[in-house]
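To keep things clear, I will list the structure first and then write my remarks on it.
The residues of the chain are indexed from 1 along the displayed sequence. All heavy atoms count here, side chains included; hydrogens, waters and symmetry mates do not.
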Amino acid sequence: MSLSPKQIVNELDKYIIGQDKAKRAVAIALRNRYRRSRLSEADREEITPKNIIMKGPTGVGKTEIARRLAKLVKAPFIKVEATKYTEVGYVGRDVESMVRDLVECSIRLVKEEKMKEVAVKAEASAAKKVVSVLSEMKKGERGEMAKEVFDAKLLDELREGKYDDTQIELEVLDAPARMELMPGGAEINLGSIFGEMLPKKKKRRKMTVKQAMQQLIAEESEKLIDNDSVNTEALRRAEEQGIIFIDEIDKIAGKENRGGADVSREGVQRDILPIVEGCTVMTKYGPVKTDFILFIAAGAFHLSKVEDLIPELQGRFPINVELESLSKEDFVKILTQPQNAITSQYGKLLAVDNIDLHFTEDAIEEIAEISADMNATSEDIGARRLHTVMEYLLEDISFNAGGDYPTVEVTIDKKYVDEHLSKTIRDRDLKKYVL
């Protein structure tokens, strides 16, 4: 990854409006990783990531900045909530599980890449097996034609999609069921834990040719991939490129004097500390050093301050950026500028029911003003307020759409917004949409 900080910010601007300080901070942190990778091994060992704390109300883009950043460079990324961890000695998830989750994410990323590399071979093997089954089913149609010629004809027809919905019966691997074995409802795949220790069972199943191809391609890809090299590469990426986003860090801030439910707050902070400082965590794929994982913590900090975190933990997050509440101008941009803007989302959804939806500029302005006003006078939920307002605004259209009707053009203007949201502005009757 050789994007400059400016280029990284430009990419983030396509999806997230405003929050320039936070974007600059994460762009520099990401670029520093690239700079570190170009140094000698001895120098690399001395340079650790500069972790970041993002402070700001919900819905202003904290998680999205981190998620898009990771996606930009295909880095292993997980988002965790600090509140789901408990200190050692309490029932619940231990903080080391966040590193194990990151490794699982890294394994998936690397495996997907490897599967793309062997996709052509895997598809050819899968097609051969399906053609064999089809050939047996249709042997009465072969007549005097040579089997090789007939099979080649079936292969061409298979690739054209002629048999996608044809039901066939074939032998496929029976994957072990996922079982709930961990506290808190976490599911574990026994096959992924015990690997080759579990016998690989096969069973005959009826399915469409399209489903059979997907299943067989997955099976053939697994055979072609070297799992040891996948694990080695995944561990390296988790260590060198991994990003862990710790949300709700403010919920575990606070002095240890309240007792009750707050008793483990400082304990969780102290358990997180060695992970952030740098330690070795054992996973089923091997040991993982956390020294060079980038940690981004975030929280609203309404009732507590960053200074309420224990000093040692504060010291491991040297970069502190504050995200601003969204203004009317920000809401206008959110409604119109991003690649997946909320207005275009609703347009695509309603287009399924032959509704051609358009918004006038004054309607966008009015929606933005109402959203900003509601955030200012009630709970500030950031950009999530737009979902609330838009759902209420388009409720009648969404309810009445559907059925085999010709395409209808619907234009949302300021008058329509005022008519449908006037009661909302008066009564604040949006609570049913805010979960």
Item to check | side chain to side chain donor-acceptor pair (under 3.5 Å) partner of Asp13, the single match among Gln19, Lys333, Gln337, Lys23 | outcome: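 That would be Lys23.
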
For the pair [X] (side chain) and [Y] (backbone), establish whether a donor and an acceptor sit closer than 3.5 Å, ignoring hydrogens and angles.
X      : Y      : value
Asn10  : Lys6   : yes
Arg100 : Met282 : yes
Arg36  : Arg44  : yes
Thr58  : Asp380 : no
Thr343 : Leu335 : yes
Gln7   : Ser4   : yes
Asp353 : Leu350 : no
Arg237 : Ile107 : no
Thr290 : Ile293 : no
Asp250 : Phe301 : yes

What I'd like to find out is whether the side chain of [X] reaches to under 4.5 Å of the side chain of [Y], using heavy atoms alone.
X      : Y      : result
Val80  : Ile78  : yes
Glu220 : Lys121 : no
Leu309 : Ile53  : yes
Leu349 : Ile355 : no
Glu324 : Val60  : no
Ile397 : Tyr416 : yes
Ile8   : Leu72  : yes
Leu357 : Ile412 : yes

Taking [X] first and then [Y], would you say they form a salt bridge - that is, a charged N and a carboxylate O separated by under 4.0 Å?
X      : Y      : value
Glu81  : Lys251 : no
Lys289 : Glu239 : no
Glu64  : Arg68  : yes

Item to check | side-chain hydrogen bond (donor to acceptor under 3.5 Å, both in side chains) between Asp43 and Ser40, worked out | outcome: CA-CA 5 Å; Asp43 288 334; Ser40 67; 3.2 Å; yes

Next on the checklist: So for atom CD, which belongs to Glu45, do other residues, nucleotides or ligands contribute more than 12 heavy atoms lying within a distance under 6.0 Å?
Outcome noted: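 Atom CD in Glu45 is crowded, with more than 12 foreign heavy atoms closer than 6.0 Å.
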
Item to check | Atom CG of Asn400 with >12 non-hydrogen neighbours under 6.0 angstrom | outcome: yes

Checklist entry - After noting the C-alpha distance and the side-chain angles of Thr360 and Asp362, does the key distance pass the side-chain hydrogen bond (donor to acceptor under 3.5 Å, both in side chains) rule? => result CA-CA 6 Å; Thr360 62; Asp362 56 356; 2.3 Å; yes

Checklist entry - What do the steps show when you test Arg316 against Glu277 for salt bridge (charged side-chain N to carboxylate O under 4.0 Å, His left out), and what is the final call? => result CA-CA 7 Å; Arg316 299 306 299 179; Glu277 281 185 332; 5.1 Å; no

Next on the checklist: Would you say Tyr346 and Glu391 are linked by a side-chain donor-acceptor pair, where the criterion is simply a distance under 3.5 Å?
Outcome noted: yes

Item to check | Distance-minimising heavy-atom pair for Leu69 and Leu30 | outcome: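 Smallest interatomic distance, heavy atoms only, reads CD1-CD2, 3.5 Å.
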
Checklist entry - Partners of Asp330 by salt bridge (charged side-chain N to carboxylate O under 4.0 Å, His left out), sequence neighbours excluded? => result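 Residues passing salt bridge (charged side-chain N to carboxylate O under 4.0 Å, His left out) with Asp330: none at all.
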
Next on the checklist: Does Lys62 form a salt bridge (charged side-chain N to carboxylate O under 4.0 Å, His left out) with Glu248? I'd like the steps, not just the answer.
Outcome noted: CA-CA 11 Å; Lys62 300 187 295 292; Glu248 297 181 358; over 6 Å; no

